[in-house]
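Okay, so here's the structure we're looking at.
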Amino acid sequence: MTASTAPVRHFLRDDDLTPAEQREVLELGLGFREDRFIRTPLRGPQAVALIFDKPSTRTRVSFSAGVAELGGYPLTIDGATSQLGRGEPIADTARVLDRQTSAIVWRTFGQERIEEMARVASVPVVNALTDEFHPCQILADLLTVAQLRGGVGALAGTSLAYLGDGANNMAHSYLLGGATAGMHVRIGAPAQYLPDPAIVADAERIARETGGSVLVTADALEAARGADVVATDTWVSMGDEASAAERELPFVPYQVNAEVMAVAAPDALVLHCLPAYRGKEITAEVIDGPQSAVWDEAENRLHAQKALLTWLLERS
């Protein structure tokens, strides 16, 4: 692809979309749920670079299938065996990819890496996960709530409780993405694993504009009480497996179990971005029970990401 003079939109963190833009993407995602081929902006096929520096199942499958269903070619790149893995400057990789692909999707480590890619690329860059944020997952989660609770308009005013590691990328993205949707976001986490204060402040600012709210508490039941949605994530992030036994101890009181669900709203939905470890962050009774929406949530990665790519491509 040749460089364009038009402004390029990237999706590096959840608040890169305004509330109105987030609604547009989610409405389009619901459309893709109904008809997976309503738009084919990548017909040709045009290639999308999918770079993976970390292991992946749902991200790899959903983006690969999604690019193909949009009429394109998913060019999957293993970061470790690419020149990026041998120390090539990110800017040089960006300059090569943006001349040959229509978008760049990257699952990587530090947020500064994907920001550097976006500074140089002349095509949309999408954050498929960094250590700080997981914005595509939150789009899928919001799409799941909209799907099961009456549409995108029903998100505003909905309360969402996230229990577990409040300092990880899921907690950060729930704060920003939930506040953008006008939700009441509650983070229940141990005192030593609270969200980045700067991200909490950003979420609070957004919530003041959208009518949502933010609560960060060390009391799991306070976070879950009356919640319309209860979400969690693995207690051990990729790269921390060696210290798993020690790391898990502070999170035991934040397990999503029958006691937690008893204080949530009677019809509360349960979300988990997967992979799940039954008996740790969530019990089998809950994740395999009638309130679990995790399989719709996993499917909605496909529809939400197709909507996002379509939206970005049409504006770049």
Side-chain angles (χ1 to χ4, degrees), residues 6-41 62-63 66 69-70 103 105 124-128 133-162 169-186 199 202-214 227-229 231 268-269 271 273 293 296-316:
V8 179
R9 292 296 299 272
H10 304 297
F11 189 57
L12 309 183
R13 47 184 272 169
D14 307 77
D15 53 352
D16 282 342
L17 296 177
T18 68
E21 291 170 345
Q22 185 194 69
R23 284 194 295 273
E24 290 176 6
V25 172
L26 294 173
E27 293 284 6
L28 183 54
L30 290 176
F32 275 117
R33 273 197 64 89
E34 294 299 315
D35 181 350
R36 286 165 70 155
F37 302 98
I38 55 173
R39 305 265 264 278
T40 53
S62 57
F63 267 113
E69 291 182 7
L70 292 176
V105 177
V125 175
V126 174
N127 181 350
F133 302 103
H134 200 353
C136 288
Q137 179 65 59
I138 267 54
L139 283 180
D141 290 10
L142 296 176
L143 189 64
T144 304
V145 178
Q147 169 202 343
L148 299 173
R149 290 295 183 263
V152 177
L155 291 174
T158 296
S159 54
L160 182 149
Y162 168 85
N169 50 16
M170 285 299 296
H172 290 159
S173 279
Y174 274 128
L175 284 165
L176 295 179
T180 300
M183 301 176 83
H184 302 295
V185 183
R186 311 168 187 170
I199 295 171
D202 287 340
E204 290 173 336
R205 173 184 50 78
I206 296 168
R208 286 193 293 271
E209 300 170 359
T210 61
S213 65
V214 170
D228 301 303
V229 182
L269 298 174
L271 300 179
C273 63
D296 282 319
E297 179 187 9
E299 177 190 340
N300 281 332
R301 289 290 301 276
L302 172 69
H303 309 307
Q305 289 161 185
K306 286 170 66 180
L308 174 68
L309 282 171
T310 300
W311 191 92
L312 291 171
L313 289 164
E314 289 178 350
R315 282 155 184 80
S316 296

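Bear in mind the structure is a predicted one, so any value in this text is a computation, not a measurement.
The minimum heavy-atom distance between A227 and S159, with the atom names listed, is CA-OG, 3.3 Å. Residues I38 and G31 approach most closely at CD1-C, 3.6 Å, considering heavy atoms. Closest of all the heavy-atom pairs between P124 and S316 is CG-OG, 3.5 Å. V185 approaches A179 most closely through the heavy-atom pair CG2-N, 3.9 Å. Scanning both residues, V214 and A203, for their nearest heavy atoms gives CG2-CB, 3.8 Å. The minimum heavy-atom distance between A146 and L155, with the atom names listed, is N-CD2, 4.0 Å.
Side-chain contact between M170 and C273: present, with at least one pair of heavy atoms (C-beta onward) separated by less than 4.5 Å. In this structure, I138 and F133 have side chains that are not in contact, with every pair of non-hydrogen atoms separated by 4.5 Å or more. Within the 4.5 Å cutoff, side-chain heavy atoms of V126 are placed close to those of C136. Residues V25 and Q22 have side chains not in contact (no heavy-atom distance under 4.5 Å, counting atoms from C-beta outward). For the pair V105 and Q305, the minimum side-chain heavy-atom distance is 4.5 Å or more. Using a 4.5 Å cut-off on side-chain heavy atoms (C-beta onward), D202 and R13 make contact.
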Test log, rule side chain to side chain donor-acceptor pair (under 3.5 Å), inputs T180 and D15: CA-CA 7 Å; T180 300; D15 53 352; over 6 Å; no
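Salt bridge annotation for R315-E24: present, with a cationic side-chain nitrogen under 4.0 angstrom from a carboxylate oxygen.
Separating the CG atom in L26 from the CD atom in E21 is a distance of 12.0 Å, to the nearest 0.5 Å. Note that CZ of R186 and CG of L175 are 13.0 Å apart. Values are rounded to the nearest 0.5 Å. To the nearest 0.5 Å, the span separating CZ on R301 from CG on D141 amounts to 8.5 Å. The CE atom of M183 sits 7.5 Å away from the CG atom of D228 when rounded to the nearest 0.5 Å. Separating the CG atom in L308 from the CZ atom in F11 is a distance of 5.5 Å, to the nearest 0.5 Å. If you take CD on E297 and CG on L271, they are separated by 4.5 Å, rounding to the nearest 0.5 Å.
A side chain to side chain donor-acceptor pair (under 3.5 Å) with E69 holds for exactly one of H303, R39, K306; it is K306. Under the side chain to side chain contact (heavy atoms under 4.5 Å, CB included) rule, F32 has a single partner from N300, L70, L143, L302, which is L70.
Formation of a donor-acceptor pair under 3.5 Å by the S213 side chain with backbone atoms of H184 is not found in this model. At distances below 3.5 Å, at least one donor-acceptor pair connects side-chain atoms of R9 with backbone N or O atoms of D16.
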